[in-house]
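Notes follow once the structure below has been shown.
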Amino acid sequence: MSHEHVSYLELLARGAATEAYDRPVLLARASGAGPETLAGLEEAKQLALRVRAELEGRRRREAELSALFATAHDLAGLRDLDAVLRAIVQRARSLLGTEVAYLSLHDPTAGDTYMRVTEGSVSARFQQVRLGMGEGLGGLVAQTARPYVTDDYFQDPRFQHTRSIDAAVRDEGLVAILGVPLSLGSQVIGVLFAADRRARVFEREQVALLASFAAHAAVAIDTANLLAETRSALAELERANDIIREHSGVIERASEVHDRLSELVLRGGGVHDVAHAVSEVLGGTVEFTEAGAGSARRAGGHAVREGDDWVAAVSAGGETLGALVLHGQPDLDPVDQRTLERAALVTSLLLLARRSAGEAEQRVRGELLDDLIDAPDRDRRLLRERAARLRTDSDAPHVVLAARIDRAAGGVADSDAGRRESADRQRLWSAASHLAATRHGLASARDGGTVLLLPLGPGESAADLARQTAKGLGGTLREPVTVGASAPVRALLDRPDQVAVAYGEARRCLDALGLLHRSGQGAAAEDLGFLGLLLADGRDIDGFVGRTIGQVVDYDRRRGTDLVRTLDAYFASGMSPARTKDALHVHVNTVAQRLERVGRLLGPDWQSPARALEIQLALRLHDLSDVVTGT
């Protein structure tokens, strides 16, 4: 073996730099060696360089495998996710020989990525930068789930440059950047980067190495999430055990109240007995109220919280009978809520049983009211005795009220509509009879609706009573109920014939409310002003209409014109000719000509406030007359 060949072995042994392998050839050429000798040395040099490259590759692969093994070991003993990710970034930077390495993670709330770990970074702005989806090189990696490398970041047009990202990269001084995705299945959760502050080319092996570290980082994140979910599940199990222990006592209470309620039903207990039993078991105070169901009425049978109270509606067949209200237990267990709901159901059964027993009395009340309306010439002594048995104070002033359910029609077959109307009348009569019994009055089903005879309370007017009755019946039935009331009737049984007269007045008031689009309200004649006086018994309605707008009506009949309809539209549009012509679909000049004709028929002051009010009332009554006569 020649001396020169020994030199190459020495260079390999001490791991000399690549340029050192040119020295033996240069020395031989300087000493005048022949071509054959120089060719042999050149061949030996190339062989030595190949050996050196092989050794370097093996050392690099050993270092990479060692780093990957250490990373896997870190994952096996994962305790601190940040520490594992930091180790991954440090090893990536060291093995790839870059000046900077960093890792960003996806923020699902903000929809972008943020810096999680940086190594070798000196810029605070760079360490806090955020990348939107598709922005910068990292945003492109996250969007496409593929590695991207650039030799010169600022000269690369393949990705979207933004002012904030470019400023951060420039502040850090980065030039060459390699980014690989952190993927869990098909989902990209972040990006791992290696970067230099000078131009460089990243080899395919370096891209693969960084991808291996990225895979470990993704596993670390997934493992940490699984551990967190496991800890959360264990905590949930502990809480569930606590809840089970708490609920065992609740279930015992529910069993106790079930036994007590069953006993109450069997021995015919009352509503207040139920409230007392539930109060003792739940530890609060339960009371039954006929009003105040509030939002519980719309809760489909469930108890609802109202302030610091719990309320369970007492209802049957779509009718609200009242509510059970629990005071003193704002934080009620769900099982205890069901107990309160069960108590409300038992209460409704008891109330229905009591109502069934009272239906006979209601029928007797209805028969007495029917006799007062249809046969007022009956023996007054017998009428008074019947009223006394029903606890009706016949000497107190009373009001006759006509009530009906008003609902929008349409889209219902005749047979279905008939059945619904029949059911509505039955429900209205039932609710009105209950109201009459509580107020010591009378109720009967008549003329497709219900008639009530109720005493006036101290300081109460007929209008007040009508409004209260409409509100009470409407709330009970959860349907709009319209109520028309008569003037007060005094000395009820001294002149029984006045009840029939008052009923006629109440019916006319009820019809007027419908015409005035006040369905679902209650009113007496005194509520309707001049119209109310006209509707009261004995008023000459036809005469009033004739005196007020008779000339216009006659003109339309003789000439076939539309002056009455024009007046209706004119007042309905706020006395605006422009809006009137839109409502009638005619030219504004036509409206002006018709109004001029009305002025010649009714007089020049027909638009003054007083005359205009009378004309509008007369128009309403004229419409009512057409409705009644079917014209």
Side-chain angles (χ1 to χ4, degrees), residues 67 71 74 80-183 187-203 206-218 220-221 224:
T71 302
D74 290 343
D80 182 354
L81 176 62
D82 282 335
V84 174
L85 295 181
R86 195 175 301 110
I88 289 172
V89 172
Q90 289 171 349
R91 289 166 188 154
R93 178 194 177 204
S94 173
L95 288 175
L96 269 70
T98 57
E99 296 173 278
V100 182
Y102 50 99
L103 183 148
S104 65
L105 291 182
H106 179 60
D107 184 344
T109 302
D112 60 5
T113 59
Y114 64 96
M115 290 293 187
R116 178 66 179 266
V117 179
T118 63
E119 179 69 21
S121 171
V122 295
S123 167
R125 177 190 294 185
F126 182 78
Q127 294 165 16
Q128 297 171 5
V129 71
R130 301 183 74 97
L131 290 79
M133 187 63 71
E135 294 179 353
L137 185 144
L140 186 60
V141 172
Q143 187 178 52
T144 62
R146 294 175 54 192
Y148 270 83
V149 61
T150 179
D151 299 339
D152 190 339
Y153 176 86
F154 291 102
Q155 300 301 319
D156 196 331
R158 292 178 300 163
F159 43 82
Q160 179 183 349
H161 289 264
T162 68
R163 181 177 301 175
S164 60
I165 298 174
D166 283 4
V169 173
R170 186 176 289 107
D171 201 38
E172 187 65 54
L174 300 182
V175 177
I177 302 175
L178 166 62
V180 295
L182 278 68
S183 301
Q187 181 184 7
V188 177
I189 62 171
V191 180
L192 179 62
F193 300 88
D196 256 335
R197 297 186 177 94
R198 56 185 174 81
R200 66 171 287 178
V201 176
F202 288 98
E203 303 293 340
Q206 293 174 317
V207 175
L209 177 61
L210 194 63
S212 297
F213 280 114
H216 280 88
I221 294 168

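Since the structure is predicted, the reported quantities are computational estimates derived from the model, not experimental observations.
Note on residues 206-218: no pairs pass salt bridge (charged side-chain N to carboxylate O under 4.0 Å, His left out), not counting sequence neighbours. Sequence neighbours left out, the pairs with a member in residues 136-152 that pass side-chain hydrogen bond (donor to acceptor under 3.5 Å, both in side chains) are T150-D156.
Using a 4.5 Å cut-off on side-chain heavy atoms (C-beta onward), R198 and V175 make no contact. At least one side-chain heavy atom of L85 sits under 4.5 Å from a side-chain heavy atom of I221. When side chains are defined from C-beta on, L137 does not count as touching V169, because their heavy atoms never get closer than 4.5 Å. Two residues are said to be in side-chain contact when any heavy atoms from C-beta on lie closer than 4.5 Å; L105 and L182 meet this criterion.
Between atom CD1 of residue I88 and atom OG of residue S212 there is a gap of 11.0 Å, rounded to the nearest 0.5 Å. Between F159 atom CZ and I165 atom CD1 the span is 9.5 Å, to the nearest 0.5 Å. The structure places CG of L174 at 5.0 Å from CZ of F126, a figure rounded to the nearest 0.5 Å. Distance check: Y114 OH to H106 NE2 gives 10.0 Å after rounding to the nearest 0.5 Å. The line from CZ of R125 to CG of D171 is 5.0 Å long, rounded to the nearest 0.5 Å.
Taking each heavy atom of L103 and A217 in turn, the nearest pair found is CD1-CB, 3.9 Å. Heavy-atom minimum distance, Q206 versus V201: OE1-O, 4.0 Å. Here the closest non-hydrogen pair linking V188 and S183 is CG2-OG, 4.0 Å. Closest approach of V180 to P147, counting heavy atoms only: CG1-CB, 3.8 Å. Shortest non-hydrogen contact noted between F202 and A194 is CZ-O, 3.8 Å. Heavy-atom minimum distance, A214 versus P181: CB-O, 3.6 Å.
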Using the side-chain contact (heavy atoms from CB on, under 4.5 Å) rule, take L96 and L178 through it: C-alpha gap first, then chi angles, then the decisive distance, then the call.
-> CA-CA 10 Å; L96 269 70; L178 166 62; 4.1 Å; yes
Decide yes or no on side-chain contact (heavy atoms from CB on, under 4.5 Å) for L140 and Q160, but give the supporting numbers first.
-> CA-CA 8 Å; L140 186 60; Q160 179 183 349; over 6 Å; no
Please lay out, stage by stage, how V89 and L192 fare under the test side-chain contact (heavy atoms from CB on, under 4.5 Å).
-> CA-CA 8 Å; V89 172; L192 179 62; 4.0 Å; yes
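No donor-acceptor distance shorter than 3.5 angstrom exists from the side chain of E119 to the backbone of V100, with no hydrogens or angles considered. Side-chain atoms of E99 come within 3.5 Å of backbone N or O of R197 as a donor-acceptor pair.
For R116, the side-chain hydrogen bond (donor to acceptor under 3.5 Å, both in side chains) criterion is met by D82, not counting sequence neighbours. In this view, F193 and Y102 satisfy the ring pair (Phe, Tyr, Trp, His ring centres under 6.0 Å) rule, not counting sequence neighbours. A search for side-chain hydrogen bond (donor to acceptor under 3.5 Å, both in side chains) contacts involving R130 returns D107, D112, not counting sequence neighbours. The side-chain hydrogen bond (donor to acceptor under 3.5 Å, both in side chains) check on Q127 picks up S121, with sequence neighbours excluded.
A cation-pi contact, defined as under 6.0 Å to the ring centre and within 45° of the axis, links R170 to F154.
Around CZ of R163, the count of heavy atoms belonging to other residues, nucleotides or ligands within 6.0 Å does not exceed 12.
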